[in-house]
Amino acid sequence: MNQVLFEGRLLVNMISTLLHKGALQVRYGRVNWERIFRTADYHRVANIIYLGLLGNGDMVPERWMGRFFDRYQEALIGGGGCETAEQEILALLDAEGVPCVVLSSATIRGLYELPETADMSPLRLYLSTENYILVKGFLVDLGYETIQNYSDYGERMHRISGMNVDIYQKLPFKTKYYEKGMRELAFRARVRAGGTGVRIFYPEDRLVFRLASAAYQYVEDALILRDMLDLFLYHKAWRDQLNHGYIKKKLQGFHVDVLADKLLRLSYMWFGEKEDKEYMQTVGELMEDLTPFDILENRIFSRGEQGKDKETDPQVLGLTRLLNKEEERETKKAKRETRRKKKEEKKKARGRFWRWVFPDYKYMSGLYPALEKAPFLLPFYWLSRSIRLLIGMSKNSNKEDQ
């Protein structure tokens with residue numbers, strides 16, 4: 001087993017052990033705790049790993065145990081106010097009658113038995129362009145500031161308390177299938193209880209959004225363990241109440257139903273218990289060949305550096321081609337925009353040059369008052385000024401030569 005796969009599976013094992021209150025077993029000789037911390041931090045699960053290491057601190061160097069503790073403390077302090085800050089924002093939007101769709105929120109924290117092991121998940125809002133500017137103004141008034149821009153999609157805003165809010169004026173998915181599917185989900189969203197403008201997904205649509213997003217992130221090599229854990233916990237909590245036929249049909253519209261199915265099953269392989277194994281057989285037709293799941297693991301753990309060349313899933317390959325086409329289109333568009341700006345700059349430069357060579361009448365009248373009495377002599381004064389400038393430049397040139 002290569003080091004990347006070993007480290008990824010170690011993290012998965014530690015998380016699963018903590019979820020199910022088992023005994024942690026680690027092969028000490030192979031553990032590079034610096035790499036483990038950095039990998040856990042990337043996957044946003046370092047706060048969980050800290051709790052898993054309690055009682056086993058003697059096997060972790062003090063420096064890295066301290067770093068794990070820092071992440072745990074951040075989650076403990078910052079996460080506690082997420083729900084309150086979120087409700088403050090949503091209540092304000094309802095009071096102002098601002099329509100928006102909640103894509104994801106801190107409610108996922110309620111599925112964690114220990115709240116401090118949850119991620120400080122951002123509140124993600126989808127708004128019209130007009131309301132986007134309005135909501136950004138509200139957030140600035142509440143003390144938030146932009147810390148990250150998402151191209152032309154939106155931005156992430158942050159407050160010192162640790163709360164993050166992602167606001168989108170365009171959903172961050174590039175392909176036509178995703179644009180259509182996500183618009184349909186947003187259109188179906190219902191006004192939340194007691195609200196006026198803030199809309200939330202039905203449970204089925206919330207799962208569709210999570211699965212479709214996970215599939216998209218996987219193809220872009222941006223899927224992390226925290227996403228898989230949230231997906232597992234949400235599905236496990238709601239699975240007996242969901243319309244699975246509807247969910248499958250929606251995912252087919254995204255052209256990722258098989259891929260999403262495999263990712264969900266993988267999340268159960270990682271974090272599920274014995275009683276979950278029976279359910280896994282109803283999620284999809286289990287295969288004796290686990291190679292596809294090995295590829296999924298390798299790509300997720302290595303951030304796309306391993307397993308990509310072995311990918312055979314038609315939906316992964318299809319979505320990859322579509323994303324590549326979109327990137328090529330965006331690159332061409334950016335190049336065209338660059339060329340357009342250069343042409344505009346050249347045009348402006350030529351305009352400035354000719355305005356300098358042939359100033360307007362008002363400017364010339366200031367230099368040559370006699371022109372006011374004889375405007376028709378403007379060409380003569382242009383010529384006179386040009387000759388004077390040439391003589392002046394010639395004299396300066398001679399001085400420099402001496």
Side-chain angles (χ1 to χ4, degrees), residues 1-20 22-54 56 59-61 64-65 67-68 71-72 75 112 117-119 121 210-211 213-236 259-273 276-277 280 287 289-313 316:
M1 186 187 303
N2 66 50
Q3 190 68 18
V4 169
L5 192 57
F6 166 75
E7 291 166 357
R9 287 183 176 172
L10 174 60
L11 290 178
V12 166
N13 177 56
M14 294 172 76
I15 294 169
S16 183
T17 298
L18 183 65
L19 285 177
H20 309 310
L24 179 64
Q25 296 180 351
V26 178
R27 294 164 60 185
Y28 299 85
R30 296 194 61 185
V31 178
N32 180 326
W33 287 105
E34 178 179 358
R35 285 176 57 95
I36 290 294
F37 170 77
R38 298 194 185 285
T39 302
D41 202 35
Y42 167 77
H43 286 281
R44 299 210 307 267
V45 294
N47 57 327
I48 303 179
I49 301 304
Y50 171 74
L51 287 183
L53 292 174
L54 286 179
N56 299 279
M59 68 182 180
V60 186
W64 298 109
M65 192 65 180
R67 298 290 291 276
F68 280 114
R71 293 294 182 266
Y72 169 75
Y112 284 80
T117 59
D119 189 30
S121 303
R210 285 192 175 277
L211 284 167
S213 298
Y216 191 95
Q217 290 171 295
Y218 172 76
V219 172
E220 291 221 302
D221 295 312
L223 186 61
I224 60 175
L225 291 182
R226 177 64 72 175
D227 298 324
M228 294 288 281
L229 180 56
D230 285 351
L231 175 61
F232 164 75
L233 291 173
Y234 182 82
H235 185 270
K236 185 174 182 179
L259 173 57
D261 186 59
K262 288 197 296 187
L263 288 171
L264 181 59
R265 285 160 56 189
L266 179 62
S267 75
Y268 271 89
M269 291 177 186
W270 283 352
F271 309 119
E273 298 180 274
D276 296 320
K277 305 302 181 184
M280 287 175 59
M287 296 176 290
D289 181 13
L290 295 178
T291 301
F293 296 97
D294 291 336
I295 293 172
L296 291 177
E297 279 193 335
N298 273 306
R299 284 192 66 169
I300 294 171
F301 293 153
S302 69
R303 311 178 198 181
E305 293 181 4
Q306 299 177 19
K308 197 180 247 184
D309 56 334
K310 298 179 181 178
E311 194 68 71
T312 58
D313 187 308
V316 174

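Atoms considered below: every heavy atom in the structure, side chains included; atoms not considered: hydrogens, waters and symmetry mates. Note that this is a predicted model, so its numbers are computed, not measured.
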*Minimum heavy-atom separation for Met59 to Leu53, with atom names?*
CE-CD2, 3.7 Å

*asked:* Are the side chains of Leu11 and Phe301 in contact, using a 4.5 Å heavy-atom criterion?
replied: no

*Can you name the nearest heavy-atom pair linking Pro61 to Trp33, along with the distance?*
CD-CD1, 3.4 Å

*asked:* With rounding to the nearest 0.5 angstrom, report the CG to CZ distance, Asp230 to Arg226.
replied: 6.0 Å

*Would you say the side chain of Tyr72 lies within less than 4.5 Å of the side chain of Ile49, judging by non-hydrogen atoms?*
no

*Can you tell me how far CG of Leu264 sits from NZ of Lys236, rounded to the nearest 0.5 angstrom?*
12.5 Å

*Non-hydrogen side-chain atoms of Leu259 and Val219 separated by less than 4.5 Å*: yes

*Got a salt bridge between Asp41 and Arg67, using NZ or NE/NH1/NH2 to carboxylate O under 4.0 Å?*
no

*asked:* Leu229 vs Ile48, test: side chain to side chain contact (heavy atoms under 4.5 Å, CB included). Steps then yes/no.
replied: CA-CA 11 Å; Leu229 180 56; Ile48 303 179; 3.6 Å; yes

*Atom CZ in Phe68, atom CG in Leu54: separation rounded to 0.5 Å?*
11.5 Å

*Can Arg38 and Glu7 be counted as an ion pair, charged N to O under 4.0 angstrom?*
no

_Electrostatic pair Lys262:Asp313 at N-O distance under 4.0 angstrom_ = yes

*Stepwise salt bridge (Lys or Arg N to Asp or Glu O under 4.0 Å) test for Asp221 and Lys308*: CA-CA 9 Å; Asp221 295 312; Lys308 197 180 247 184; 2.8 Å; yes

*From Leu225 CG over to Leu231 CG, what is the distance, rounded to the nearest 0.5 angstrom?*
12.5 Å

*Mind checking whether Phe271 and Phe232 have parallel, tilted or perpendicular rings, split at 30° and 60°?*
tilted

*Provide the closest heavy-atom pair for Ala75 versus Ala118 in the form atom of the first, atom of the second, distance.*
CB-O, 4.2 Å

*Please report the shortest heavy-atom distance between His43 and Ile300, naming the atom on each side.*
CE1-O, 3.6 Å

*Heavy atoms, side chains only, cut-off 4.5 Å: are Glu311 and Asn298 in contact?*
no

*Which heavy atom in Met228 sits nearest to a heavy atom in Leu223, and how many Å separate them?*
SD-CD2, 3.8 Å

*asked:* I want to check something: taking the side chain as every heavy atom from C-beta on, are Asp119 and Asp227 in contact at a cut-off of under 4.5 Å?
replied: no

*Between the side chains of Gln306 and Asn2, does any donor sit under 3.5 Å from an acceptor?*
yes

*Check: Tyr218 and Arg299 side chains under 4.5 Å, non-hydrogen atoms*: yes

*Drop me the distance from Thr117's OG1 to Leu19's CG, to the nearest 0.5 angstrom.*
7.0 Å

*What distance do Trp270 atom CH2 and Ile15 atom CD1 have between them, rounded to the nearest 0.5 Å?*
9.0 Å

